[in-house]
Colleague: 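Just dropping this structure here.
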Amino acid sequence: MADDGPVEHGYPHLDTVRDSITALYKRLSYDTVQTFATSVAPVDVAFCDTDDLHMGAQRVAREMVRHYRLPDARLIVSFREMTHAANVELTAGPEYFVELNDRFRTHRRDIGAALAHEVMHVYLHRLDLSFPGTRENEILTDTAAAYLGAGWLLLDAYREDSASSQKLGYLTPEEFGYVLAKRALVFGEDPSVWFTSPQAYTAYVKGMEQARRDEQQPPLTAAGWAGRRRYAHDRRHGPGVQKGVPYSFSPDGRGSLRVSFPCPTCHQRIRVPVRGRVRARCSLCRTVLECDT
């Protein structure tokens with residue numbers, strides 16, 4: 001939790017974020033991901049100063065349990081002085097103890113953001129889905145929360161001005177914006193209408209620009225002129241991994257080439273023959289891709 005300290009920007013964790021999206025599709029399946037087409041509604045996690053602190057926190061926790069489809073999970077929320085924003089004790093369940101930083105006693109509107117992350121820890125724990133290393137696992141948790149419809153709260157908790165700053169989660173604001181944009185492109189849902197933080201909206205716009213660039217990489221037909229020219233140059237030089245580009249070429253065993261590239265939706269690698277215009281369908285997320293190989 002960045003609290004009046006420097007906030008990291010840009011895309012330093014982008015590879016892990018993309019790996020996280022792929023892992024979600026592989027572990028959950030396309031059909032299960034589709035059941036999260038509707039995000040947590042702002043009204044369902046609203047928390048005003050007149051609400052009872054503990055009863056309100058329990059209400060928001062129950063909403064996160066409902067959203068993540070953990071009907072038999074019971075969260076016990078408490079508050080204490082701590083360095084991190086929150087912590088959850090991952091046990092066999094069905095009861096899970098969540099501790100929130102004491103600062104949320106007076107920053108109640110961000111309790112939903114903290115619980116979105118902690119309840120996702122429970123969800124991934126039950127799925128037995130994790131990455132090696134604490135930081136990678138936290139990035140997976142942030143990415144999963146955002147992609148499955150609750151992580152917009154984490155980005156909205158980002159506020160920064162000349163005198164103070166606050167950010168929850170391990171992703172940068174732009175990386176949160178990127179994941180939310182990837183989700184928006186799949187489900188047609190615009191989370192920016194819920195943002196109360198102007199900095200969150202700016203980060204989302206930047207994330208959408210990055211997400212759009214994923215859809216404009218060769219051999220996809222939406223690639224720009226410069227990308228197509230580089231692709232043609234690399235294709236002439238035959239098999240091998242090319243530096244600075246997401247695609248690579250390999251022989252198919254019959255004297256022809258195949259090109260491998262990441263799906264712009266789920267980032268699983270797709271291999272298609274190098275023979276001009278082809279239509280490919282990602283077996284993981286079912287996206288149909290128009291390619292010019």
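Quantities reported herein were computed from a predicted structural model and do not represent experimental measurements.
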Colleague: Taking CZ in R286 as the centre, count heavy atoms belonging to other residues, nucleotides or ligands within less than 6.0 Å. Is the count above 12?
Modeller: yes
Colleague: Suppose we call two aromatic rings close when their centres sit under 6.0 Å apart. Are Y247 and Y231 close by that rule?
Modeller: yes
Colleague: For salt bridge (Lys or Arg N to Asp or Glu O under 4.0 Å), just list the numbers for D110 and R159, CA-CA rounded to whole Å, side-chain angles, deciding distance to a tenth of an Å, and then say yes or no.
Modeller: CA-CA 11 Å; D110 296 326; R159 291 179 286 277; 2.5 Å; yes
Colleague: Could you pull out the closest heavy-atom pair between E215 and L185, with the gap in Å?
Modeller: OE2-CD1, 3.7 Å
Colleague: Which pair of non-hydrogen atoms, one from V122 and one from L70, has the smallest distance, and what is that distance?
Modeller: CG1-CD1, 4.1 Å
Colleague: Among pairs that include at least one residue of residues 89-98, which meet salt bridge (Lys or Arg N to Asp or Glu O under 4.0 Å), considering only residues two or more places apart or in two chains?
Modeller: R74-E95
Colleague: Please state whether the rings of F36 and Y123 are parallel, tilted or perpendicular, taking 30° and 60° as the class boundaries.
Modeller: perpendicular
Colleague: Any chance CZ of R69 has more than 12 other-residue heavy atoms, nucleotides or ligands included, within less than 6.0 Å?
Modeller: yes
Colleague: Quick one: side chain to side chain donor-acceptor pair (under 3.5 Å) partners of Y147, sequence neighbours excluded?
Modeller: Y25
Colleague: Check the orientation of H125 and Y96. Use parallel for under 30°, tilted for 30 to 60°, and perpendicular for over 60°.
Modeller: perpendicular
Colleague: Do the side chains of K206 and E209 get close enough for a salt bridge, i.e. N-O under 4.0 angstrom?
Modeller: no
Colleague: Determine, stepwise, if the pair D31 / S29 fulfils side-chain hydrogen bond (donor to acceptor under 3.5 Å, both in side chains).
Modeller: CA-CA 5 Å; D31 291 328; S29 81; 5.1 Å; no
Colleague: Side-chain atoms of residues 216-225: list all donor-acceptor pairs with protein atoms under 3.5 Å, sequence neighbours left out, distances to 0.1 Å.
Modeller:
residue	atom	partner	partner atom	Å
Q217	NE2	R213	O	3.3
T221	OG1	E290	O	3.4

Colleague: Within a reach of under 6.0 Å around OH of Y11, are more than 12 heavy atoms found that belong to other residues, nucleotides or ligands?
Modeller: yes
Colleague: Among side-chain atoms of R269 and S260, is any donor-acceptor pair under 3.5 angstrom?
Modeller: yes
Colleague: Indicate the ring-plane relationship of H117 and Y170, choosing parallel, tilted or perpendicular according to the 30° and 60° boundaries.
Modeller: parallel
Colleague: What are the two closest non-hydrogen atoms of R271 and S250, and how far apart are they?
Modeller: NH2-OG, 3.2 Å
Colleague: Looking only at heavy atoms, which two atoms of A46 and R59 are closest? And how far apart?
Modeller: O-NH2, 2.7 Å
Colleague: Run R135 and T16 through side-chain hydrogen bond (donor to acceptor under 3.5 Å, both in side chains) and show every step you take.
Modeller: CA-CA 10 Å; R135 177 166 293 274; T16 306; over 6 Å; no
Colleague: Could you tell me which non-hydrogen atom of A150 sits nearest to which non-hydrogen atom of V40, and how far apart they are?
Modeller: CB-CG2, 3.9 Å
Colleague: Tell me, do Y30 and Q34 make a side-chain contact under 4.5 Å, heavy atoms counted?
Modeller: yes
Colleague: Work out which heavy atom in H121 is nearest to a heavy atom in T141; give both atom names and the distance.
Modeller: CE1-OG1, 3.3 Å
